[in-house]
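We use all heavy atoms of the structure for the numbers below, so side chains are in, but hydrogens, waters and symmetry mates are not. All chains are named by letter (A, B, ...) in the order of the sequence lines, taking the proteins before the strands, and each is independently numbered beginning at 1.
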Amino acid sequence: MKIVTWNVNSVRARMPRVLEFLERVSPDVVCLQETKALDEVFPRGVLEEAGYNLAIHGQKTYNGVAILSKKPIEDVHLGLGDARFDHEARVMAATVGDLMILNLYVVNGKEVGCDKFAFKMEWLKTLRDYIDEHMPRTEKVIVTGDFNITFDARDVYDPEKWEGKIHCSDEERAALAEIMDLGLIDALRHFHDKPEIYTWWDFRTRGFRDNRGLRIDHFLVSQPLLDVATDVHVDLEARGGEKPSDHAPVILTLA
DNA sequence: ATGGTCGCGGAGCGA
């Protein structure tokens, strides 16, 4: 069984690459972020024809999350239950079989210290409480998506250049650590401890060509989920070629 | 420090 997280940076612009990926990898569940499409313009038809059930949470121009699943998607809940944050479409909880999934597009934060950064920190605090309340770690829990935070220097192509910068600051990493302290495990690091595993590369600097990237898309899982996991890897093929997203899909494999 | 490229929407913002 394969579960995927992928920030597609517009589902409509990315449709050819999404369909190619579904055909090649045949994932069971796909968590999408930055769909950038209101529900009425989401390309439902082609995805359903490809064999997927859909749960979508769209917004005009920005944000947007969705789950595609071969099996039925149940108990869908949107948002963090906090009016300070839920005008933005960033959070979708759902169950697929015995998997409890939380699909996230975490606030970017732009630059450490600015208003957007303060908003990110408040958002993360609220996310922590949401997970504590709604995602029982005795179950098979998958908290995944674009976190816009690296864990440590291994996740950063130039740690000196990025030290203290957005996605790499102590404050963001401390907020992420508080979430991990609820009893979640960074699934990729359970299987791979080497550096230079990235999930995002800047379009502007053509970062992918020289693998100048960051690992900011994660699978945080409970122990019962980890017990049935066999690997996590980044699908670099989807990041190359024509009109890719700036993020690569990350694939969690279950026994 | 700045810029570079995307996507959306049709200028400038967000990333």
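Per the geometry, CH2 belonging to A:W201 stands 16 Å off C1' belonging to B:dA15, to the nearest Å. Separating the CG atom of A:N7 from the P atom of B:dA15 is a distance of 11 Å, rounded to the nearest angstrom. The CZ atom of A:F119 sits 10 Å away from the P atom of B:dA15 (whole-angstrom rounding). In this structure, A:K165 places its NZ atom 19 Å from P of B:dA15, rounding to the nearest Å. Atom pair A:Q33:CD and B:dG7:P shows a separation of 17 Å (rounding to whole Å applied). In this entry the distance linking OH of A:Y105 with C1' of B:dG14 reads 8 Å, nearest Å. Spacing between atom CE of A:M15 and atom C1' of B:dG7 amounts to 16 Å, rounded to whole angstrom units. Rounded to whole Å, atom C1' of B:dA15 lies 13 Å from atom CG of A:D217.
Ionic pairing of A:R137 and A:D132 is present here: one or more N-O contacts between side-chain nitrogen and carboxylate oxygen are shorter than 4.0 angstrom. Contact check on A:K120 versus A:D115 returns no salt bridge, with no Lys/Arg side-chain nitrogen under 4.0 Å from an Asp/Glu carboxylate oxygen.
If you take atom C1' in B:dG14 and the same atom in B:dG9, they sit 13 Å apart, rounded to whole Å. When the C1' atom is used for both B:dA11 and B:dC6, the distance is 16 Å, rounded to whole Å. Nucleotides B:dA15 and B:dG4, compared at atom C1', are 13 Å apart to the nearest Å.
Comparing A:N148 and A:P244 along DNA chain B, the residue whose closest nucleotide (by nearest heavy atom) sits nearer the 5' end is A:P244.
Between A:W200 and A:W162, the ring planes are perpendicular. Angles over 60° get that label, and only those under 30° would be called parallel. Ring orientation note: the planes of A:F85 and A:W123 are nearly perpendicular, at an angle over 60° on the 30°/60° scale.
No engagement by A:F208 is indicated, since no non-hydrogen atom pair under 4.0 Å with the nucleic acid exists. Residue A:K243 is classed as a sugar-phosphate contact, given heavy-atom separations below 4.0 Å to backbone atoms only.
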What are the atom names and distances for every N/O pair under 3.5 Å that joins the protein to nucleotides 2-4 of chain B?
from  : atom 1 : to     : atom 2 : distance (Å)
B:dG4 : O6     : A:R204 : NH1    : 3.2

Collect all protein-nucleotide pairs involving nucleotides 9-13 of chain B in which both atoms are nitrogen or oxygen and the distance is under 3.5 Å.
from  : atom 1 : to    : atom 2 : distance (Å)
B:dG9 : OP1    : A:K60 : NZ     : 3.4
B:dG9 : OP1    : A:T61 : OG1    : 2.9

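Looking at A:D217 and A:T199, their side chains do bring a donor and an acceptor atom within 3.5 Å of each other.
In the displayed structure, A:E163 atom CD is contacted under 6.0 Å by at most 12 heavy atoms of other residues, nucleotides or ligands. Other residues, nucleotides and ligands contribute at most 12 non-hydrogen atoms within 6.0 Å of the CG atom of A:D193.
The line from CG of A:D28 to CE of A:M1 is 4.5 Å long, rounded to the nearest 0.5 Å.
Side-chain atoms of A:L254 and A:L225, non-hydrogen and from C-beta on, do get closer than 4.5 Å to each other.
Screening A:R215, A:H218, A:K165, A:R173 against A:T150 for a side chain to side chain donor-acceptor pair (under 3.5 Å) leaves a single residue, A:R173.
For the pair A:R14 and B:dG7, the criterion of a side-chain N or O lying under 4.0 Å from OP1 or OP2 is met.
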